[in-house]
Amino acid sequence: MNFKNTLAIAFVLILTCTAVSAQNLVETGFKKAEAQTNLMLAEIIKARHRDSTGVSPRTLSDGQLKLVPSKDWCSGFFPGELWLLYRHTNNAKWLKLAEAYTLRLETEKNNGTTHDMGFKIYCSFGTGYAITANKHYKTVIIEAAKTLATRYSAKVDAIKSWDKKEWKFPVIIDNMMNLELLFEASKLSGDSTFYKIAVSHANTTLKNHFRPNYSSYHLVSYDPETGEVIKKQTHQGYADESAWARGQSWALYGYTMCYRETGNKLYLQQAENVAKYILQNPNLPSDLVPYWDYNAPNIPNEPRDASAAAIVASALYELSGYSQARIKYLKKADAIMESLTQKYMANAGSNKGFVLLHSTGSKPANSEIDVPLSYADYYYMEALTRKYNLEKGKPAIALSPR
Ligand code: GLY
């Protein structure tokens, strides 16, 4: 065999291996997630002996599994993971567990003290409804949207994020994620009020949250009497003018979803501009898992945030379906998922069943630094689901039985 032929065969082999590894990513990822979730279930039973008020896992604290009550913003992620496992495996065991863990959160549909309704109710009941069309879930989604809508101010044209005494009317970029619940409730109920609130909030955020380079402030503080912006600042990021990594991920995911729901090209442009900010950021490491803030002072000696990477991957799979730059986004999403699966995955049987390591909750608060977090696992599994769908020629976000 001459040199040219050998080279050609080697090239074909490399291409085949790459294709196989990309194809196997979904199955490898879900197999590991399934095994870890089995462990998590056993750990939850033990943790509930220590704390019977906890309903869902959130993180590890001093090596112990930390459960949170339904009112915690993270309560919906584990039920959501169970739904995604059911959707992928079709195993009735996961269905029963998903139903049980979801119902534990129902009381939150009437909790108007927080903006986190989407995280809690949409990831759990919303995902469950998309898979099963369970009529009860539909009523919970509509009820939850009614409660969330009470936090909307027509003066500010936005939904208030927190009831904290430091601010009169704070809006954080994370709040974009709650709009999906409102869009869904509008479709399910026929009441366009929810849709209008979601669009107003997205427009106000578009106007006030972004810098000229398309990075997002974490928090914009408004005067509820006049609707004027009082201050733009951070809460979980390094500095008021820095780009907190997960905040950029919420922005990308939020505007991609808003484009899907409205067809408004401005939202698509915003999503693409935010994607550019993230993907071309000089401080984004070559493995595509960002440091906790794109402007953290001691890069490269700063903790990573795998959750921010998982959210970006999931958003890019969806965005690829709407953009001219389809292939570019698909390749980046795949590269993030390869990286998370190969380098950030907990060893089998470790970390009380969490799937991904190395996320950061709030560095300034010295809280949840370089730990597993339930939302990293949820968005990782959602991204796997979306990749699977795309490989089957379906829309990324499809959740009806596969
Ligand atoms: N919504 C809170 C966070 O992203 O940490």
Side-chain angles (χ1 to χ4, degrees), residues 56-61 66 68-78 80 105 108 111 113-124 126 144 148 151 158-164 166-167 170-181 201 205 209 215-221 233-238 242-255 257 274 278 289-294 296 302-315 354 356 358-380 382-383:
S56 295
R58 172 167 168 154
T59 187
L60 293 182
S61 179
K66 184 179 170 195
V68 288
S70 67
K71 68 175 186 208
D72 189 275
W73 80 275
C74 294
S75 63
F77 297 118
F78 187 67
L105 309 190
E108 292 309 308
N111 180 358
T113 66
T114 161
H115 73 140
D116 288 318
M117 196 67 98
F119 286 123
K120 292 190 279 188
I121 297 294
Y122 198 74
C123 296
S124 54
L148 180 59
R151 299 185 66 78
I159 298 162
K160 185 181 178 191
S161 289
W162 298 324
D163 298 339
K164 294 188 184 180
E166 295 99 300
W167 304 280
V171 177
I172 58 172
I173 188 65
D174 325 29
N175 205 341
M176 287 298 298
M177 300 297 283
N178 295 308
L179 306 185
E180 197 166 10
L181 172 82
H201 184 95
T205 303
H209 255 83
S215 68
S216 170
Y217 286 93
H218 185 198
L219 186 154
V220 177
S221 168
Q233 61 184 111
T234 197
H235 187 63
Q236 281 159 263
Y238 166 58
S242 74
W244 173 52
R246 199 161 54 256
Q248 313 316 304
S249 304
W250 293 142
L252 171 63
Y253 193 114
Y255 281 99
M257 174 271 295
V274 176
I278 292 172
V289 176
Y291 299 100
W292 67 282
D293 191 301
Y294 287 96
E302 294 280 1
R304 303 293 188 96
D305 185 9
S307 77
I311 298 159
V312 169
S314 190
F354 281 103
L356 292 181
H358 307 307
S359 290
T360 296
S362 180
K363 180 95 180 350
N366 201 20
S367 167
E368 300 176 334
I369 300 169
D370 195 12
V371 289
L373 287 166
S374 55
Y375 42 99
D377 291 358
Y378 171 80
Y379 288 102
Y380 173 77
E382 186 185 74

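What you see is a predicted model, and the numbers here were worked out from it, not measured in a lab. Side-chain atoms are counted along with the backbone in the values below, which use heavy atoms only and exclude waters and symmetry mates. Atoms within each ligand, like the ligands themselves, are counted from 1 in listed order.
- Contacts classified as side chain to side chain donor-acceptor pair (under 3.5 Å) and involving residues 361-371 (residues at least two apart or in different chains) are given here: Arg58-Glu368, His358-Asp370.
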List below, pair by pair, the N or O atoms of ligand 1 and of the protein that are less than 3.5 Å apart, including the distance to 0.1 Å; reply 'none' if no pair qualifies.
unit_1	atom_1	unit_2	atom_2	d
ligand 1	1 (N)	Asp174	OD2	2.7
ligand 1	4 (O)	Asp174	OD2	3.2
ligand 1	4 (O)	Arg246	NE	2.9
ligand 1	4 (O)	Arg246	NH2	3.4
ligand 1	4 (O)	Trp250	NE1	3.0
ligand 1	5 (O)	Gln236	NE2	2.8
ligand 1	5 (O)	Arg246	NH2	2.5

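- Residues meeting the ring pair (Phe, Tyr, Trp, His ring centres under 6.0 Å) test with Tyr217, sequence neighbours left out: none.
- When side chains are defined from C-beta on, Cys123 does not count as touching Tyr375, because their heavy atoms never get closer than 4.5 Å.
- With sequence neighbours left out, Tyr253 forms a ring pair (Phe, Tyr, Trp, His ring centres under 6.0 Å) with Tyr379.
- Residue Phe77 forms a ring pair (Phe, Tyr, Trp, His ring centres under 6.0 Å) with just one option from Phe354, Tyr122, Tyr378, and that option is Tyr378.
- No side-chain N or O of Thr113 forms a donor-acceptor pair with one of Asp163 less than 3.5 Å apart.
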